[in-house]
2 protein chains.
Amino acid sequence: MEYDLILKNVGRFITLDQVEKEFFLSLFEVKRFNKKEFLLRAGDIARFDYFTNKGCLKIYKIDEKGTEHISMFAIEDWWSGDMASFILQKPSHYYIQALEASEVLQISRSNYDLLFEKIPKFERFYRILYQRSLVSFIERSDQNNSLHAEERYRSFIQKYPSLIHRVSQKNMAAYLGVTPEFLSVLRKKMLAK
Amino acid sequence: MEYDLILKNVGRFITLDQVEKEFFLSLFEVKRFNKKEFLLRAGDIARFDYFTNKGCLKIYKIDEKGTEHISMFAIEDWWSGDMASFILQKPSHYYIQALEASEVLQISRSNYDLLFEKIPKFERFYRILYQRSLVSFIERSDQNNSLHAEERYRSFIQKYPSLIHRVSQKNMAAYLGVTPEFLSVLRKKMLAK
DNA sequence: ATGATTTCTTAATATACCTTATTCTTTTCT
DNA sequence: AGAAAAGAATAAGGTATATTAAGAAATCAT
C-alpha cells in the first residue's frame with residue numbers, strides 16, 4: 001500500500017507488467033521523516049531522488065544574504081531532489097526539509113542507473129516527466145517576471161488551493177520571492193476587497 | 001555538413017550506428033529564416049521543435065501590459081521550441097523569432113513520435129537533455145529571485161560572453177527582466193567602476 | 001546618401017517591495 | 001500548563017526598478 005501512489009504515478013506514462021513493477025519497487029526504500037528533519041543539506045552530495053508518499057517537503061536555497069528561497073514544495077505524488085547534485089555527484093546548493101511528518105520513497109543513484117539499464121522503458125517515463133516539469137518551470141519563471149507579487153499569490157492559490165492551509169505564510173513568502181512582512185501587507189489589502 | 005552539429009550534439013549522450021544516424025536525420029528539415037522572421041507566433045500551434053545550426057533565435061512572450069519577456073536565446077547548438085504547445089498541440093503563448101539570418105533543423109510532432117518508436121535510444125537522449133535543461137532553468141530561476149539586476153547582468157555576461165555582442169540591449173533587458181532604460185543606467189554605473 | 005525608424009541615453013517622478021523595529025498571536029517544548 | 005520560541009501584523013522610512021518624456025545615436029529602407 002506504500003506503493004500504490006508511485007505505481008499510479010508511473011502508470012500515467014508507461015505500462016509495466018508484474019515482474020517490472022516488482023523490480024522497480026525493489027529499487028526504492030521507504031523512509032519516514034519527522035517535521036523539520038532534513039533529507040538533504042547544502043554541501044552534501046544528493047544520494048537520493050525522492051517521491052513523496054505522504055506529507056510535504058520544501059526544497060530551498062539560502063543566498064549570500066542569508067535569505068531563504070523555496071524552489072518548490074513536494075506534497076503527495078510529487079518527485080523531488082537536487083537533480084544537479086544527484087546526477088553529477090557534486091555538493092548540493094539546496095536544502096530539502098520535511099514541513100510535516102512525511103513518508104517518501106527514495107532511490108539511490110546506483111539504483112536509478114540500474115533502472116534504466118534493466119527497464120529501458122523508464123527512459124521514456126523520465127523523459128516525459130522531465131519534459132512536463134520543464135514546461136511548468138518555464139511557465140512559472142515567466143510568471144515571476146511578468147506578474148507582481150499579489151498576482152503571483154493569487155495564481156498560486158488558484159493552482160494549489162490545498163497548500164495554503166499546509167504551508168506557513170513565512171514559507172509561502174519564501175516561495176513567492178517576497179518578505180513575510182510584505183506578504184502580510186498584501187493579504188490585508190486583498191481581504192479589504 | 002548541415003548535419004555535423006546536430007550529430008555531435010546527440011553524440012554527447014547516445015551512440016548511433018550509420019543506419020540510425022541516417023534515419024534520425026531524415027526526420028529533420030533544414031530551414032532558413034531571415035532576420036526578424038517568425039518561426040512561431042502566439043496563438044499558433046507549435047508544429048516543430050528546433051535545433052539551431054547557425055544564427056540566433058529569441059523565444060519570448062508578451063504579457064497583458066504588452067511587455068516582452070524573453071525566455072531564452074537559441075544560438076548554434078541549442079534546442080528550442082514551445083514544448084507545451086508542441087506536445088499537447090494546443091495554441092502557443094510564445095513567439096519565436098530570428099534575431100539574425102538563421103539556419104535551423106526542424107522536426108515535426110509526428111516525426112518526433114516516430115523517432116521514439118523506431119529508435120528508443122532517443123528516449124534516453126531527450127531524457128538527459130531535458131534533465132539538464134531543467135537543472136539550468138531551476139538555477140536561473142533561483143538566480144532571478146536572489147540577485148539584483150546588476151548581478152544578473154554580470155552573471156549573464158560571464159556565462160555567455162559571446163551573446164553580448166550579438167544581442168541588442170533592448171533584448172538583453174527583456175531577457176534580464178528589466179526595462180531598457182534601467183539597463184542603460186546599470187551599464188553606465190558599471191562602466192564608472 | 002537621406003530620411004525614417006529603431007535603439008540608446010539621460011533625467012525627473014512614481015511605485016513595488018525591503019528593512020528594521022515593535023507588538024500581538026500561535027506553536028512548540030518541558 | 002506555563003515558558004520559550006516562532007510566526008504574523010503593523011508601521012515608518014529606504015532602495016531597486018518602472019514610467020514617462022525628450023533628445024542623441026545608430027540602423028534600415030528607399
Side-chain angles (χ1 to χ4, degrees), chain A residues 33-38 56 58 60 62-70 73 95 97-101 143-157 163-193, chain B residues 34-37 56 58 60 62-70 73 95 97-101 143-157 163-193:
Chain A
F33 293 91
N34 294 324
K35 190 168 178 172
K36 297 202 176 170
E37 239 184 299
F38 284 92
C56 181
K58 68 170 170 179
Y60 67 100
I62 295 187
D63 71 19
E64 322 76 50
K65 293 150 206 149
T67 310
E68 185 178 316
H69 299 274
I70 297 179
F73 300 108
Y95 296 82
Q97 189 186 23
L99 289 182
E100 308 169 356
Q143 274 207 357
N144 284 348
N145 293 330
S146 60
L147 301 184
H148 285 174
E150 181 178 337
E151 304 167 297
R152 264 148 42 212
Y153 182 55
R154 284 186 194 284
S155 151
F156 184 87
I157 289 175
L163 268 178
I164 307 165
H165 310 293
R166 293 175 75 173
V167 167
S168 69
Q169 283 177 225
K170 195 187 165 216
N171 281 323
M172 182 62 68
Y175 176 88
L176 294 173
V178 296
T179 57
E181 291 87 347
F182 188 58
L183 179 58
S184 177
V185 170
L186 286 183
R187 283 167 50 88
K188 191 184 171 191
K189 207 170 76 183
M190 288 166 70
L191 262 166
K193 293 183 186 168
Chain B
N34 294 324
K35 190 168 177 172
K36 298 202 175 168
E37 240 185 298
C56 181
K58 68 170 168 179
Y60 68 100
I62 295 188
D63 70 20
E64 322 77 52
K65 293 149 205 149
T67 311
E68 184 178 316
H69 299 275
I70 297 179
F73 299 107
Y95 296 82
Q97 189 185 23
L99 288 182
E100 307 169 356
Q143 273 208 355
N144 284 349
N145 293 331
S146 60
L147 302 184
H148 285 175
E150 180 176 337
E151 303 167 296
R152 264 146 45 211
Y153 182 55
R154 285 185 194 284
S155 150
F156 184 88
I157 289 175
L163 268 178
I164 307 165
H165 310 294
R166 294 174 75 173
V167 167
S168 69
Q169 281 176 226
K170 195 190 165 211
N171 281 323
M172 182 63 68
Y175 176 89
L176 293 174
V178 296
T179 57
E181 292 85 349
F182 187 59
L183 179 57
S184 178
V185 170
L186 286 183
R187 284 168 49 88
K188 190 182 170 192
K189 207 170 77 183
M190 287 166 72
L191 262 165
K193 290 178 188 171

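Just so we're on the same page: letters track the sequence lines, and every chain starts at 1.
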How long is the line joining [atom1] of [X] and [atom2] of [N], in whole Å?
| X | N | atom1 | atom2 | value |
| --- | --- | --- | --- | --- |
| Leu191(A) | dA9(D) | CG | C1' | 12 Å |
| Asn171(B) | dT6(C) | CG | P | 14 Å |
| Glu151(A) | dT15(C) | CD | C1' | 14 Å |
| Met190(B) | dC8(C) | CE | P | 16 Å |
| Lys189(A) | dA11(D) | NZ | C1' | 16 Å |
| Lys65(A) | dC18(C) | NZ | C1' | 11 Å |
| Glu68(B) | dT7(C) | CD | C1' | 13 Å |
| Gln169(B) | dT6(C) | CD | P | 18 Å |

Measure the shortest side-chain to side-chain distance between Tyr153(A) and Val178(A) over non-hydrogen atoms and say whether it is less than 4.5 angstrom.
no
Please examine the side chains of Tyr175(B) and Val167(B), heavy atoms only from C-beta on, and report whether any two atoms are closer than 4.5 Å.
no
Taking NZ, NE, NH1 and NH2 as the nitrogens, is one of them in Lys58(B) or Glu68(B) under 4.0 Å from a carboxylate oxygen of the other?
yes
Looking at Asp63(B) and Lys65(B), what are the two nearest heavy atoms and their distance?
OD1-N, 2.9 Å
Closest heavy-atom pair and its distance - Ala98(B), Asn34(B)
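Closest pair (atom of Ala98(B), atom of Asn34(B), distance): CB-O, 3.5 Å.
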First of Lys36(A) and Arg187(A) reached from the 5' end of DNA chain D, by closest nucleotide:
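Final value for this comparison: Lys36(A).
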Just the atom pairs and distances: protein N or O near nucleotides 13-18 of chain D's N or O, under 3.5 Å.
unit_1: dT17(D); atom_1: OP1; unit_2: Ala149(B); atom_2: N; d: 3.0
unit_1: dA18(D); atom_1: OP2; unit_2: Thr179(B); atom_2: N; d: 3.1
unit_1: dA18(D); atom_1: OP2; unit_2: Thr179(B); atom_2: OG1; d: 3.3

Has the side chain of Gln97(B) got a donor or acceptor atom that lies under 3.5 Å from a matching backbone atom of Lys36(B)?
yes
Within the 4.0 Å heavy-atom criterion, would you say Ser184(A) contacts the bases, only the backbone, or no part of the nucleic acid?
base
What does Lys35(A) touch in the nucleic acid at a heavy-atom separation under 4.0 angstrom: a base, only the sugar-phosphate, or nothing?
sugar-phosphate
For the side chain of Glu181(A), starting at C-beta, report the closest nucleotide among dG7(D), dC8(C), dT20(C).
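Given the options dG7(D), dC8(C), dT20(C), the side chain of Glu181(A) is closest to dT20(C).
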Pair Ser184(B), Gln169(B): side-chain N/O donor-acceptor within cut-off below 3.5 Å
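Looking only at side-chain atoms, Gln169(B) and Ser184(B) do not form any donor-acceptor pair under 3.5 Å.
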Does dA11(D) have its OP1 or OP2 closer than 4.0 Å to a side-chain nitrogen or oxygen of Lys188(A)?
yes
